[in-house]
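Just so it is clear, the values below take in all heavy atoms, side chains as well, and ignore hydrogens, waters and symmetry mates. Below, chain A is the first sequence line, B the second, and so on; all start at residue 1.
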Number of protein chains: 2
Amino acid sequence: MDLMTSVPSDLALPHPQRAEMRIEAVLHALADPVRLTIVRALARAPQGISCGAVNLPVSKSTVTHHMRILREAGVIRTQPVGTSRISTLRRDDLDALYPGLLDGVLAAER
Amino acid sequence: MDLMTSVPSDLALPHPQRAEMRIEAVLHALADPVRLTIVRALARAPQGISCGAVNLPVSKSTVTHHMRILREAGVIRTQPVGTSRISTLRRDDLDALYPGLLDGVLAAER
DNA sequence: ACCGTACTACGAGATTAGTCGAACTTCGAT
DNA sequence: ATCGAAGTTCGACTAATCTCGTAGTACGGT
């Protein structure tokens, strides 16, 4: 008990504000096949989904790594819900900063 | 004379066809600051420009490397003209495959 | 024919990325 | 209170990437 390691309300993970997002980071985040799979899944689930719900060909710790890249680039927003973390696409911010980019990426057949 | 190392008409460098382009490669090509500078310069010069005309903070051989990444991803088209190589943005192909992507990237302030 | 310009090719070095397993935390349920 | 499920953290390893300098090729002009 005693030292209850702080911040019970700010359980949230660090997200860049819209003004802090950089195009290189966003493009780099999108340029990986695993992360692209995640982004496509999120695009199909506007209410958000948990990392583990995406069936990916990599280990759990690797998924965590990819979620972090996406989050820190500003591509997704993640919030803790129970024992899970629900992520959503930051469509509004992406569309505001780079209009057409996300739709263009999602339009890709291959 | 004799063995005139072939293909005098196909001096062109290898370019992927539209159908061969992959979104990951395009995004990766765009996700580098030096290459983004090149792409922005090309966007401002529809008639095309030579690699050396872009004032970049890297060596000549590094520029060659970046041009190759862009070319092999299908982002630019390069053709030899005299002792130079003129490159242009493959806007038509990019817009057809990923509508909005290029404009979104070029819209980025930062 | 020679020289300079404009690149490309080829290692080599250093940095970054993607991957994993093992150990740890947190929450919810039994 | 204990357990399991869901994620994270922490090295470690490998592969890819960016960078450079040197050397080489190709073309155009003197």
Side-chain angles (χ1 to χ4, degrees), chain A residues 1 3-15 22 24-39 41 48-73 75-87, chain B residues 1 3-15 22 24-38 48-73 75-87:
Chain A
M1 23 8 226
L3 33 80
M4 29 90 84
T5 25
S6 73
V7 280
S9 60
D10 189 11
L11 307 153
L13 305 129
H15 292 79
R22 290 177 314 131
E24 289 97 338
V26 170
L27 291 169
H28 172 251
L30 296 174
D32 177 273
V34 173
R35 292 193 291 263
L36 213 40
T37 302
I38 296 171
V39 168
I49 52 183
S50 73
C51 342
V54 189
N55 199 291
L56 294 163
V58 291
S59 75
K60 210 159 27 155
S61 52
T62 300
V63 174
T64 297
H65 169 248
H66 286 305
M67 296 305 280
R68 176 139 81 129
I69 300 287
L70 288 169
R71 193 186 68 242
E72 293 184 344
V75 176
I76 67 175
R77 176 167 281 117
T78 303
Q79 61 210 124
V81 173
T83 174
S84 291
R85 281 176 178 190
I86 302 300
S87 299
Chain B
M1 37 346 248
L3 34 81
M4 29 86 87
T5 25
S6 72
V7 277
S9 59
D10 189 11
L11 309 152
L13 306 129
H15 292 78
R22 290 177 313 131
E24 289 96 337
V26 171
L27 290 169
H28 172 251
L30 296 174
D32 178 273
V34 173
R35 292 193 292 263
L36 212 41
T37 302
I38 295 171
I49 53 183
S50 73
C51 342
V54 191
N55 199 289
L56 294 163
V58 292
S59 75
K60 211 157 28 157
S61 52
T62 300
V63 173
T64 297
H65 167 248
H66 286 305
M67 296 304 281
R68 176 139 81 131
I69 301 287
L70 286 169
R71 191 186 68 241
E72 293 183 344
V75 175
I76 66 175
R77 176 167 282 116
T78 303
Q79 62 209 128
V81 173
T83 173
S84 292
R85 284 180 174 187
I86 302 301
S87 299

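Following rounding to the nearest Å, Met67(A) (CE) and dT19(C) (C1') show an atom-to-atom distance of 17 Å. Nucleotide dA16(D) holds its P atom 15 Å from the CD atom of Glu72(B), rounded to whole Å. Distance His66(B) NE2 to dC7(C) P: 16 Å, rounded to the nearest Å. Atom P of nucleotide dA6(C) and atom CG of Leu56(B) are separated by 15 Å, given to the nearest angstrom. Note: CD1 (Ile76(A)) to C1' (dG7(D)) measures 13 Å, nearest angstrom. Between Glu24(B) atom CD and dT17(D) atom C1' the separation is 17 Å, expressed in whole Å. Spacing between atom NE2 of His65(A) and atom P of dA6(D) amounts to 22 Å, rounded to whole angstrom units. Whole-Å rounding puts the Arg68(A) CZ to dT8(D) P distance at 10 Å.
Dashed line: the shortest gap from a side-chain N or O of Ser84(A) to OP1 or OP2 of dG7(D) is under 4.0 Å. Checking the phosphate oxygens (OP1, OP2) of dC27(C), no side-chain nitrogen or oxygen of Arg85(A) falls inside 4.0 Å.
Out of dG18(C), dG7(D), dC7(C), the shortest distance to the side chain of Cys51(A) is found at dG7(D). Taking the side chain of Lys60(A) as heavy atoms from C-beta on, and the options dA6(D), dA6(C), dT19(D), the nearest nucleotide is dA6(D).
In this model, a side-chain donor or acceptor of Ser61(B) finds a partner on the base of dG21(D) within 3.5 Å.
A residue-by-residue look at Ser59(A) and Thr83(A) shows that Ser59(A) has its nearest nucleotide of DNA chain C further toward the 5' end.
Residue contacts for Thr62(B): at a heavy-atom cut-off of 4.0 Å it reaches a base atom on one of the strands shown.
Heavy atoms only, all atoms of each residue included: Ile49(A) and Ala41(A) are closest at CD1-CB, 3.9 Å. Considering all non-hydrogen atoms of both residues, Cys51(B) and Val63(B) come closest at CB-CG1, 4.1 Å.
Side-chain atoms of His15(B) and Arg77(B) include no donor-acceptor pair closer than 3.5 Å. When only modelled atom types and interatomic distance are considered, Thr64(B) and Ser61(B) share no side-chain donor-acceptor pair under 3.5 Å. Under the 3.5 Å distance criterion, with hydrogens and angles disregarded, no donor-acceptor pair is assigned to the side chains of Ser50(A) and Ser84(A).
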